[in-house]
Amino acid sequence: MTSLLGFGEKIGVINDELLEEAIKTQAPKKVSEYGIEKSGASHRDVVELELGFKKILKIENLWTLTSLTKLQLDSNFIEVIENLDSLVNLEWLDLSFNNIEVLEGLDKLTKLKDLSVHHNKISKIENLDNLKELEVLSIGDNELESLEDAPIVYLRKFPNLKCLNLAGNPLCSDDHYESFVIAHLPHLKFLDYRRVSSDMQKAAVVEYQDKLEVILALEKHEEEELRKEREIAAEKKQDLDGCVPGLRNDEFYNAILSPSVQVLRILPGVPELLEPFKEKFIEKTTALQEFGLNQAFERSEEKKELEEALEDGVRAVGDEGASMVNKFITKKQELLAFISDHGLGALADEKLSGLMEELELLRDALLEQEVDFFSEVEQTLGSFERNYQEMLSKFIERVQTTFTDLRDMEEELINEITTIGTQYIDSVSKGEADDSLELSNEAHEVVRDKTALTSAMASAHDSHVADIDNKEDEIMALLKKEIASIMDSLHADQVTRNRARVAEVNRFFRFNHKDLSDVQSDF
């Protein structure tokens, strides 16, 4: 289908008509002769598609072609790379000879190995971070101005990149173009369709040795930082899954301590209060975090044992049912063989009637077996839920004890700091204060008088208690959500399994009943 594009020019639109025509033309003989529907094929069966020279302006309506591994969209009017997210199996993509200005819209194509955007209007190599499998990149005849701004160094992210075409870009006029690219991309085998020899590579590395050392040091630093970020993210996920988020090391302590308390560290006696408080606070939260992770592991093992037991039960019931079904099928085959040998008659009719009665009894037996098994499963799930709740209760008790201790510790700390602050205010009023103390403006505000001190400490106390209460509530909510989520999932899985089993039994009955009825109708 086409639409107008100024001055009578017509553009192609990727619609069902265009796709069906392209698929029919390019598909195997079976599809091309009978059509995609009559052949039994579907869009999901299409693995290669060529839509070049179709005057296409916009990439769209390709979402059903999820099995595509090769897509050719060259020589069109395309301006934006878009609507390709569903093509997750794509390995080869040709977008050359279009009007594309920005490399984008490729994040989901993680299997892409060969990308051609030759002869477009691209001025920067970017937004390819997820294409870890990229081996070939053709980006010649674009608008890449300089070696530094392109940036070529960005392509070091792709260790599998073996073939790169940049020919026809302004940056190629740089006298150092070839050596710069080869030096910065050590895995490159072909540049602008010419093989990169080992001599060329050695010479380029020598020329850019100083710059490469800086780049390598930076990459090593970035890699280390990324490793740390991943470790932290993994720890946070582990703690969240264990229902103990934000309790690792000093994380919770640093998150709750009020600035009004911290600024009074300058007062004599306050550091001696804060240090043991911090140590004991972290000791308790860390102990709770470790206990929580251990409990979470035990709960996961309990769940794993249940799932294995359910699988064993399903297998045993299936085997028992299969044995009953096989016996019936054997009898059915014997009867059909008897009829084949002796023909239709009174004896065959009698045997047939008896077998049909057995089929009904078999259906009832299989359904009754499933009812009994489902009842056993429900009882097992009930027992599991009680055991799981008991395990949670053990952890909940530890949580409540820990947070009660933290509240008591915090209240004692505030009272003692208030006492020290009051003593300092009294010493100032008597002219006995230590002149060597250099209080910050914030500290002066807190201890300017007893009213200000009392207000600041009350506010700090309220803030501390609120944070402690909120953290306890967060943990309790996670535990409640955990058991509800697990039980909902287990029940839903068993209901789905039960319905599938009942449907399977009924399908078996209907098929064999019709089969035997057809034989009986011949009498």
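Since we're looking at a predicted model, the values are computed, not measured.
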Exercise. Side-chain contact test, heavy atoms from C-beta onward, threshold under 4.5 Å: evaluate it for Phe158 versus Leu155 and give yes or no.
Key: yes
Exercise. Keeping to residues at least two apart or across chains, list the side chain to side chain donor-acceptor pair (under 3.5 Å) pairs with something in residues 59-68.
Key: His43-Thr64
Quiz prompt | Partners meeting side-chain contact (heavy atoms from CB on, under 4.5 Å) with Phe53 (sequence neighbours left out) | solution = Asp74, Ser75
Quiz prompt | Closest non-hydrogen atom pair, Asn506 against Arg363 | solution = OD1-CD, 4.2 Å
Exercise. Please work out which of the three classes, parallel, tilted or perpendicular, describes the rings of His513 and Phe509, given edges at 30° and 60°.
Key: tilted
Exercise. Please lay out, stage by stage, how Lys121 and Asn98 fare under the test side chain to side chain contact (heavy atoms under 4.5 Å, CB included).
Key: CA-CA 8 Å; Lys121 300 177 181 179; Asn98 279 287; over 6 Å; no
Exercise. State, to 0.1 Å, how close Asp405 and Lys284 come at their nearest heavy-atom pair, and which atoms those are.
Key: OD2-NZ, 3.2 Å
Quiz item: Do Arg248 and Glu290 pass the salt bridge (Lys or Arg N to Asp or Glu O under 4.0 Å) test, and can you show the C-alpha distance, the side-chain angles, and the key distance before you say yes or no?
Solution: CA-CA 8 Å; Arg248 190 178 290 266; Glu290 292 174 351; over 6 Å; no
Self-check item: Sequence neighbours excluded - side chain to side chain donor-acceptor pair (under 3.5 Å) pairs with any residue from residues 76-87
Solution: Lys58-Glu82
Exercise. Please round to the nearest 0.5 Å and tell me the distance separating atom CG of Leu185 and atom CG of Leu191.
Key: 8.5 Å
Quiz item: Does some side-chain heavy atom of Glu474 sit less than 4.5 Å from a side-chain heavy atom of Pro245?
Solution: yes
Quiz prompt | pair Asn130-Leu106: side-chain heavy atoms closer than 4.5 Å | solution = no
Quiz item: Taking only residues two or more places apart in sequence or in another chain, which ones pass side-chain contact (heavy atoms from CB on, under 4.5 Å) with Asp141?
Solution: His118, His119
Self-check item: Euclidean distance, Ile78 CD1 relative to Leu51 CG, rounded to 0.5 Å
Solution: 8.5 Å
Quiz item: Do Asn165 side-chain atoms and Asp192 backbone N/O form a donor-acceptor pair below 3.5 Å?
Solution: no
Quiz item: So do Val505 and Val502 actually touch side chain to side chain, heavy atoms under 4.5 Å?
Solution: no
Practice problem: Answer yes or no: is there a donor N or O on one side and an acceptor on the other, between the side chain of Asp250 and the main chain of Tyr253, under 3.5 Å? | Solution: no
Quiz item: Looking at residues at least two apart in the chain, or sitting in another chain, which of them share a salt bridge (Lys or Arg N to Asp or Glu O under 4.0 Å) with Glu307?
Solution: Lys303
Quiz prompt | 4.5 Å side-chain heavy-atom contact, Glu235 and Leu240 | solution = no
Quiz item: Take atom CD in Glu223; do more than 12 heavy atoms of anything else shown fall under 6.0 Å from it?
Solution: no
Self-check item: Any donor-acceptor pair under 3.5 Å from Ser383 side chain to Gln379 backbone
Solution: no
Quiz item: Looking at residues at least two apart in the chain, or sitting in another chain, which of them share a side-chain hydrogen bond (donor to acceptor under 3.5 Å, both in side chains) with Glu370?
Solution: Arg497, Asn498
Self-check item: Between Asp129 and Tyr154, a side-chain donor and acceptor under 3.5 Å
Solution: yes
Self-check item: Results of salt bridge (Lys or Arg N to Asp or Glu O under 4.0 Å) for Lys351 - residues two or more places apart only
Solution: none
Practice problem: Check whether any side-chain N or O of Asn142 sits under 3.5 Å from a backbone N or O of Gly140 as a donor-acceptor pair, and report yes or no. | Solution: yes
Practice problem: Please assess Lys70 against Glu91 for the test salt bridge (Lys or Arg N to Asp or Glu O under 4.0 Å), listing each intermediate value before the final yes or no. | Solution: CA-CA 6 Å; Lys70 184 176 181 179; Glu91 297 180 3; over 6 Å; no
Quiz prompt | Closest contact, heavy atoms only, Leu62 versus Leu71 | solution = CD1-CD2, 4.0 Å
Quiz item: Any side-chain heavy atom of Val13 within less than 4.5 Å of one from Leu18?
Solution: no
Self-check item: Rounded distance [0.5 Å steps], CG in Asn512 versus NZ in Lys332
Solution: 4.0 Å
I'd like a table of donor-acceptor pairs (distance under 3.5 Å, sequence neighbours excluded) in which one partner is a side-chain atom from residues 388-395, with atom names and distances.
{"residue": "Tyr388", "atom": "OH", "partner": "Glu482", "partner atom": "OE2", "Å": "2.6"}
{"residue": "Ser393", "atom": "OG", "partner": "Gln389", "partner atom": "O", "Å": "2.8"}

Quiz item: Does CD in Glu397 sit with more than 12 non-hydrogen atoms of other residues, nucleotides or ligands closer than 6.0 Å?
Solution: no
Quiz item: What distance separates Lys162 NZ from Asn160 CG, expressed to the nearest 0.5 Å?
Solution: 5.0 Å
Exercise. Please assess Lys514 against Asp518 for the test salt bridge (Lys or Arg N to Asp or Glu O under 4.0 Å), listing each intermediate value before the final yes or no.
Key: CA-CA 6 Å; Lys514 182 179 183 304; Asp518 289 344; 3.2 Å; yes
Quiz item: Arg299 and Gly242: which non-hydrogen atoms are nearest, and at how many Å?
Solution: NH2-O, 4.2 Å
Practice problem: Mind listing the closest non-hydrogen atom pair of Met476 and Ile396 along with its distance? | Solution: CE-CG2, 3.4 Å
Exercise. Please check if the side chain of Ser489 supplies one atom and the backbone of Ser485 the other of a donor-acceptor pair under 3.5 Å.
Key: no
Cut-off 3.5 Å, no hydrogens considered: what does the side-chain donor-acceptor table look like for residues 308-324, sequence neighbours left out?
{"residue": "Asp312", "atom": "OD1", "partner": "Arg315", "partner atom": "NH1", "Å": "2.8"}

Quiz item: About how many Å separate CD1 of Ile139 and CD1 of Ile125, when rounded to the nearest 0.5 Å?
Solution: 4.5 Å
Practice problem: Identify the heavy atoms of Leu87 and Leu65 that sit nearest to each other, and give their distance. | Solution: CD2-O, 3.2 Å
Practice problem: Without swapping roles, check the side chain of Gln201 against the backbone of Pro186 for a donor-acceptor pair under 3.5 Å. | Solution: yes
Quiz prompt | Arg499, CZ atom: more than 12 neighbouring heavy atoms under 6.0 Å | solution = no
Exercise. For atom CD of Glu225, decide whether the heavy atoms of other residues, nucleotides or ligands shown that lie under 6.0 angstrom number more than 12.
Key: yes
Quiz item: Listed by chain and number, what are the ring pair (Phe, Tyr, Trp, His ring centres under 6.0 Å) partners of His184, not counting sequence neighbours?
Solution: Phe180, Tyr208
Quiz item: Can Glu334 and Lys331 be said to form a salt bridge (Lys or Arg N to Asp or Glu O under 4.0 Å), step by step?
Solution: CA-CA 5 Å; Glu334 290 174 351; Lys331 288 185 177 181; over 6 Å; no
Quiz item: Can a salt bridge be assigned to the pair Asp469 and Arg407 using a cut-off of 4.0 Å between side-chain N and carboxylate O?
Solution: yes
Self-check item: Reported CG-to-CG distance for the pair Leu68 and Leu93, which is rounded to 0.5 angstrom
Solution: 10.0 Å
Quiz item: Does the Asp515 side chain pair with the main chain of Phe511, one donor and one acceptor, at a distance under 3.5 Å?
Solution: no
Practice problem: Applying side-chain contact (heavy atoms from CB on, under 4.5 Å), name anything that partners Asp372, two or more places apart in sequence or on another chain. | Solution: Glu368
Quiz prompt | All side-chain contact (heavy atoms from CB on, under 4.5 Å) counterparts of Glu504, not counting sequence neighbours | solution = Arg501, Arg507
Self-check item: Within 6.0 angstrom of Phe338 CZ, more than 12 heavy atoms from elsewhere
Solution: yes
Exercise. Could you check if a side-chain atom of Leu188 sits within less than 4.5 angstrom of a side-chain atom of Val181, using non-hydrogen atoms only?
Key: yes
Self-check item: Non-hydrogen side-chain atoms of Leu57 and Asn99 separated by less than 4.5 Å
Solution: no
